[in-house]
Colleague: 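Sharing a structure below in structure tokens format, with a few things to ask.
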Amino acid sequence: MSVTHCYMCEATATSVEHVPPRCLFPEQKDLPSGVNLRKQLITVPSCEAHNTSKSKDDEYLLYALLMNISNNPTASNHFSSKIVRAIQRSPAVIKKFTEKQIPVRVEDTQTGKIHETVALQVNRKRVETALAMIGRALYFHHFKKGWRGSVSAYPNFLLCLTEANARELNEPVEKMAALAEEFFLNQPRYGENQDVFSYQVAAGQAPAETIMLLRFYEGSRVTLLFRK
């Protein structure tokens, strides 16, 4: 009898973990009749510690993603259904994101459209850690083996909007995003529910052995670098 190990460590797997987290995918009750965005979700074997211990980080990531105004209508509907219900049950849930908000005007660099919105304070390290764990799980799923090197996450949807040197701070993020888009232009996209999530993967060059581009709700994109 073979023993299956956790995607993150050498512990024996006791459960499976959805990648990305299941909470990112709308429930059928919130979708038009006949639409199912939770079909054939990716799962990987996990130990108890690396599954249940990250549920709060999964929820935090969901909020951070859904706040991006560049997302598709699937994200907007997910926010107006699942998230609104969560806020109604516990108004304090959203407080961590909205207690420090600043009105801003944001230009869509692709369409030139100006959006009146607010800048919110997000725990970047927490989001990047959650995204890196998703990357490790996807690596296990895609290559059928765990990744023991480092994983660096570069979320292009987390931009500085209120700092005096915002343009300078955002330049490396925007450059990384542009390079990733060009690099993966003709690469296949994986994922059964691409309105919510898809990913691309390719061999990189030293020091990045593997590179992934993740798309959440189409508008929230993340570059992952896998280094030994």
Side-chain angles (χ1 to χ4, degrees), residues 1-28 36-66 82 123-158 176 180 183-184 187-217 220-228:
M1 180 178 176
S2 61
V3 176
T4 302
H5 292 96
C6 173
Y7 77 99
M8 278 288 293
C9 66
E10 296 302 319
T12 300
T14 57
S15 62
V16 295
E17 180 174 332
H18 289 91
V19 189
R22 194 165 182 260
C23 65
L24 271 62
F25 297 83
E27 299 176 59
Q28 277 193 280
N36 180 9
L37 293 179
R38 287 190 170 186
K39 62 181 185 295
Q40 298 181 341
L41 299 184
I42 298 170
T43 61
V44 293
S46 177
C47 67
E48 195 67 21
H50 283 119
N51 193 339
T52 57
S53 63
K54 58 186 285 294
S55 58
K56 289 186 178 179
D57 288 336
D58 292 345
E59 182 183 59
Y60 191 89
L61 176 63
L62 172 63
Y63 277 79
L65 288 167
L66 291 182
K82 179 183 178 67
N123 186 330
R124 176 181 286 270
K125 184 176 180 179
R126 188 175 183 183
V127 170
E128 291 176 352
T129 298
L131 291 168
M133 289 190 70
I134 289 174
R136 291 183 184 277
L138 288 173
Y139 189 96
F140 187 99
H141 167 74
H142 198 87
F143 296 106
K144 311 306 178 188
K145 61 181 181 180
W147 176 257
R148 299 297 177 247
S150 67
V151 181
S152 300
Y154 300 88
N156 73 352
F157 59 94
L158 293 185
M176 173 70 76
F183 185 76
F184 285 103
Q187 296 291 333
R189 290 173 60 171
Y190 301 95
E192 293 297 324
N193 310 284
Q194 297 192 3
D195 277 351
V196 178
F197 173 75
S198 67
Y199 75 97
Q200 294 170 282
V201 58
Q205 296 180 343
E209 182 173 297
T210 302
I211 305 174
M212 288 188 185
L213 178 62
L214 315 184
R215 287 179 169 85
F216 299 91
Y217 313 111
S220 297
R221 304 183 183 188
V222 181
T223 305
L224 297 177
L225 302 184
F226 294 75
R227 301 183 177 97
K228 285 190 174 180

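Just so it is clear, the model here is predicted, and its values are computed rather than measured. Here, residue 1 is the first one in the sequence, and each next residue gets the next number.
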Colleague: State whether the number of non-hydrogen atoms from other residues, nucleotides or ligands found under 6.0 Å of K144 atom NZ is greater than 12.
Modeller: yes
Colleague: Nearest heavy-atom pair of C47 and A11: which atoms, and what distance?
Modeller: CB-CB, 4.0 Å
Colleague: Quick check: do R38 and H18 have side-chain heavy atoms less than 4.5 Å from each other?
Modeller: no
Colleague: What's the spacing between E48 CD and N51 CG if we round to 0.5 Å?
Modeller: 6.5 Å
Colleague: Checking side-chain contact (heavy atoms from CB on, under 4.5 Å) against L65, which of P155, P20, S220 comes through?
Modeller: S220
Colleague: To the nearest 0.5 Å, what is the distance between CZ on F216 and CD1 on I134?
Modeller: 4.5 Å
Colleague: Hey, does V19 have a side-chain heavy atom less than 4.5 Å from the side chain of H141?
Modeller: no
Colleague: Counting C-beta onward and ignoring hydrogens, is there a side-chain heavy-atom pair between E17 and C6 closer than 4.5 Å?
Modeller: no
Colleague: With a 4.5 Å heavy-atom cut-off, do Y217 and V196 have their side chains touching?
Modeller: yes
Colleague: So that I know where these two stand, are Y190 and H142 an aromatic pair - ring centroids less than 6.0 Å apart?
Modeller: yes
Colleague: Do side-chain atoms of N193 reach the backbone of L41 as a donor and acceptor pair under 3.5 angstrom?
Modeller: no
Colleague: Looking at residues at least two apart in the chain, or sitting in another chain, which of them share a ring pair (Phe, Tyr, Trp, His ring centres under 6.0 Å) with F184?
Modeller: none
Colleague: Measure the CG-CG distance between L61 and L66 for me, rounded to the nearest 0.5 Å.
Modeller: 9.0 Å
Colleague: What distance separates K82 NZ from L62 CG, expressed to the nearest 0.5 Å?
Modeller: 7.0 Å
Colleague: What pairs with Y139 under ring pair (Phe, Tyr, Trp, His ring centres under 6.0 Å), at least two apart in sequence or on another chain?
Modeller: F143, W147, F226
Colleague: So, Q200 side chain and Q187 main chain: donor-acceptor pair closer than 3.5 Å or not?
Modeller: yes
Colleague: State whether the number of non-hydrogen atoms from other residues, nucleotides or ligands found under 6.0 Å of K125 atom NZ is greater than 12.
Modeller: no
Colleague: Between the side chains of E209 and K228, is the shortest nitrogen-to-carboxylate-oxygen separation below 4.0 Å, so that they form an ion pair?
Modeller: yes
Colleague: Answer yes or no: is there a side-chain heavy-atom contact under 4.5 Å between F25 and K39?
Modeller: no
Colleague: Check whether any side-chain heavy atom of E59 sits under 4.5 Å from a side-chain heavy atom of C23, and report yes or no.
Modeller: no
Colleague: Once rounded to the nearest 0.5 Å, what's the spacing between atom CZ of F197 and atom CZ of R215?
Modeller: 10.5 Å
Colleague: Only counting residues at least two apart or in another chain, list the ones meeting salt bridge (Lys or Arg N to Asp or Glu O under 4.0 Å) with R221.
Modeller: E181, E218
